[in-house]
Amino acid sequence: IWAITFTRKAAAEMRDRFLSRIAALPVAEASTPGAAETAGRDALSARRKAMLLANSHQANISTIHGFCGSILRLYPTEAGISPTFRTADEVDMAATERAFWRAVVGEMPADIQAQFDRWGISRRDLFEHFKQRWHHRDLTLVNPSTPPPKPEAWQPLWEEAVALARALIRFAPRTVSGAGDKKLAQWVIATVGAAEQMASSETARPSASGTPEDEPSTSTLVRADAADEPPADVIRLLGMVANYRTKDWLTQKTWNAAIERLDASAHKFKPYWEDQLDDFAARLSPLIRTWQAYVHTHVQAWTTQIMVQYERYLADRGILSFDDLLIRTRNLLVAHPDVRRALYARIPRLVVDEFQDTDPLQAEIMLLLTDPDTPAPAPLDTFRPHPGRLFVVGDAKQSIYRFRRADFETVQQVRRAIEATPSAEVLSLTTSFRSRPGLCEWINRAMAPLFPAEATSEQTMYTPLAPQPAWVAQEP
């Protein structure tokens, strides 16, 4: 039996309980007739019990990451890793990521850096994007190619933005106290300044690469459609308004003094400009989304190259993260059916505790090991674990690790796979051994209305608690 749980603490507790259970088993002396029947069906010979206790350190009880590490050490060549790999914890991996990133940024060609600068993408933005991509690299990347917004889409909106800014600049206060007012005042001044600079230049906008049109760029980020890009200042300033929120931008108190100096109608100023900016922001959103999708295509292409470099960087140092353990184990089982069958023969029973905390990748590994026949990769609910091979325990109402991709839908998919297996059984554990009948009744009344009548893809249904029979018998 191989037992898997979610945390090291839980694995240690499971191991302690396992040892306590063995130590408590009765001993049946083989030389005494009928001794085994007298001691009970769980009785062991003294020799076997001593052997179990002596070898208890070899019990296959671990976290999912420890379990996957054991598999990879059995098949390092097939997994494409060093036999002497080491697993780095989250702190070590964070330091490794930063060290690699400093090297990448230091070697970034100037034309690529200039392109990112023009798009308003900082090195920090790139680092955060790289980390998100890397930590979810087992997911299929959806990255459709999107052209930049056409001039007829952005030019009228830019002209409207300039008109708004010029109308507002005469009301701009001499000093601003709130962060929102600073943003609005800065936007007004920057927009008017950019419009005047563009109007005074010989061309309405700079070239896409920021270099003379006849000077070719060596940047791998500049595509054939780059010449159609709007000016960077235009997109940056329009984007500020697309992210506009009235409560963050406009404070009546800050602008009153400026309005009163012009003998304006103070009580009408705030609602009027809030409506104007809200309406303009709503009409800007589609344009900004198109622009972000265009830039995203280029950033994704660059990040993919960096991820290949990072994979080599880790391989050269023999480092695997917790995510690497899972991804490489899954890939090993999918790419090598012979390894999958060998492990199926080696692991006759797989017990998984705290199953509600299992993410789709971990669930796939469990199903691959208990069903060697279903071609992989495949949806989780199409696997058919062989009878007696997989035993899972979990409570979907306790699933709190969605930020780690553990969700109720994964539980449901695996449940459907198990239910479709011949002779499989799903048991609902509803007896509470900690609460008196009165408390169980109160919990049921309070909690039942908060759950759907039938399970959905996001939430389980409520199952009423039942007090243990011994306590029911004691109630008057």
Side-chain angles (χ1 to χ4, degrees), residues 1-6 8 11 58-90 92-93 96-97 100 133-141 304-352 358-380 382-386 388-390 392 405 410 414 417:
I1 297 177
W2 293 61
I4 299 174
T5 188
F6 190 66
R8 293 178 181 175
Q58 298 178 7
N60 299 305
I61 301 172
S62 67
T63 65
I64 181 64
H65 299 104
F67 175 70
C68 291
S70 299
I71 291 176
L72 293 175
R73 293 197 185 280
L74 290 173
Y75 300 97
T77 303
E78 292 83 350
I81 58 176
S82 169
T84 59
F85 75 85
R86 69 177 181 89
T87 303
D89 61 21
E90 294 177 349
D92 288 339
M93 285 307 303
T96 302
E97 285 176 352
F100 168 78
R133 283 283 312 276
W134 180 255
H135 294 163
H136 298 87
R137 59 193 179 281
D138 60 301
L139 301 179
T140 302
L141 178 64
T304 299
Q305 301 172 21
I306 301 305
M307 289 172 65
V308 173
Q309 296 179 31
Y310 188 49
E311 189 168 11
R312 288 198 298 264
Y313 181 89
L314 296 177
D316 291 343
R317 290 157 178 78
I319 299 174
L320 293 184
S321 67
F322 290 146
D323 290 338
D324 289 325
L325 295 173
L326 300 175
I327 293 171
R328 289 190 176 273
T329 299
R330 190 277 307 274
N331 293 345
L332 169 68
L333 297 173
V334 170
H336 296 275
D338 55 328
V339 172
R340 182 178 169 189
R341 282 206 164 271
L343 289 169
Y344 171 83
R346 186 185 182 99
I347 306 173
R349 302 284 187 272
L350 187 59
V351 178
V352 183
T358 302
D359 68 27
L361 185 60
Q362 297 166 357
E364 185 179 4
I365 292 171
M366 298 168 192
L367 293 170
L368 285 166
L369 290 170
T370 54
D371 171 15
D373 301 323
T374 300
L380 297 180
T382 63
F383 285 91
R384 296 295 177 263
H386 287 197
R389 289 280 177 166
L390 181 61
V392 302
R405 295 172 55 202
T410 299
V414 175

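These figures come from a predicted structure and were not determined experimentally.
The side-chain tip of R73 points at the ring of F85 from less than 6.0 angstrom away and within 45° of straight on.
F67 and W2 have perpendicular rings, their planes meeting at more than 60° on a 0 to 90° scale where under 30° would count as parallel.
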Could you go through the side chain to side chain contact (heavy atoms under 4.5 Å, CB included) check for W134 and D323 one step at a time?
CA-CA 9 Å; W134 180 255; D323 290 338; over 6 Å; no

What do the steps show when you test Q362 against V352 for side chain to side chain contact (heavy atoms under 4.5 Å, CB included), and what is the final call?
CA-CA 11 Å; Q362 297 166 357; V352 183; over 6 Å; no

Stepwise side chain to side chain contact (heavy atoms under 4.5 Å, CB included) check, R133 with I306:
CA-CA 10 Å; R133 283 283 312 276; I306 301 305; over 6 Å; no

Given side chain to side chain contact (heavy atoms under 4.5 Å, CB included), test F383 with V414 step by step and report yes or no.
CA-CA 8 Å; F383 285 91; V414 175; over 6 Å; no

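Remark: D324 CG to I319 CD1 distance equals 9.5 Å, nearest 0.5 Å. Once rounded to the nearest 0.5 Å, the distance linking CG of L72 with OG1 of T329 reads 3.5 Å. Atom CE in M93 sits 10.0 Å away from atom CD in E90 (nearest 0.5 Å). Taking OG1 of T370 as the reference point, atom CG of L343 lies at 12.0 Å (rounded to 0.5 Å). Taking CG of L320 as the start and CG of L325 as the end, the distance is 5.5 Å to the nearest 0.5 Å. In this structure, CG on L367 lies 8.5 Å from OG1 on T382, to the nearest 0.5 angstrom.
Between the side chain of R328 and the backbone N or O of P76 there is no donor-acceptor pair closer than 3.5 Å.
Taking the side chain as every heavy atom from C-beta outward, T96 and Y313 approach each other to under 4.5 Å. Side chains of E364 and L380 form a contact here, defined as non-hydrogen atoms less than 4.5 Å apart.
Pairs engaging residues 315-336 under the ring-ring contact (aromatic ring centres under 6.0 Å, His included) rule: H65-F322 [sequence neighbours left out].
Between H386 and Y344, the closest heavy-atom pair is ND1-OH, 2.7 Å.
Between R330 and the choices V334, L332, L326, the side chain to side chain contact (heavy atoms under 4.5 Å, CB included) rule is met once, by V334.
Salt-bridge formation is not detected for the pair R340/E78: no Lys NZ or Arg NE/NH1/NH2 atom is positioned less than 4.0 Å from an Asp or Glu carboxylate oxygen. Salt-bridge formation is detected for the pair D373/R341: a Lys NZ or Arg NE/NH1/NH2 atom is positioned less than 4.0 Å from an Asp or Glu carboxylate oxygen.
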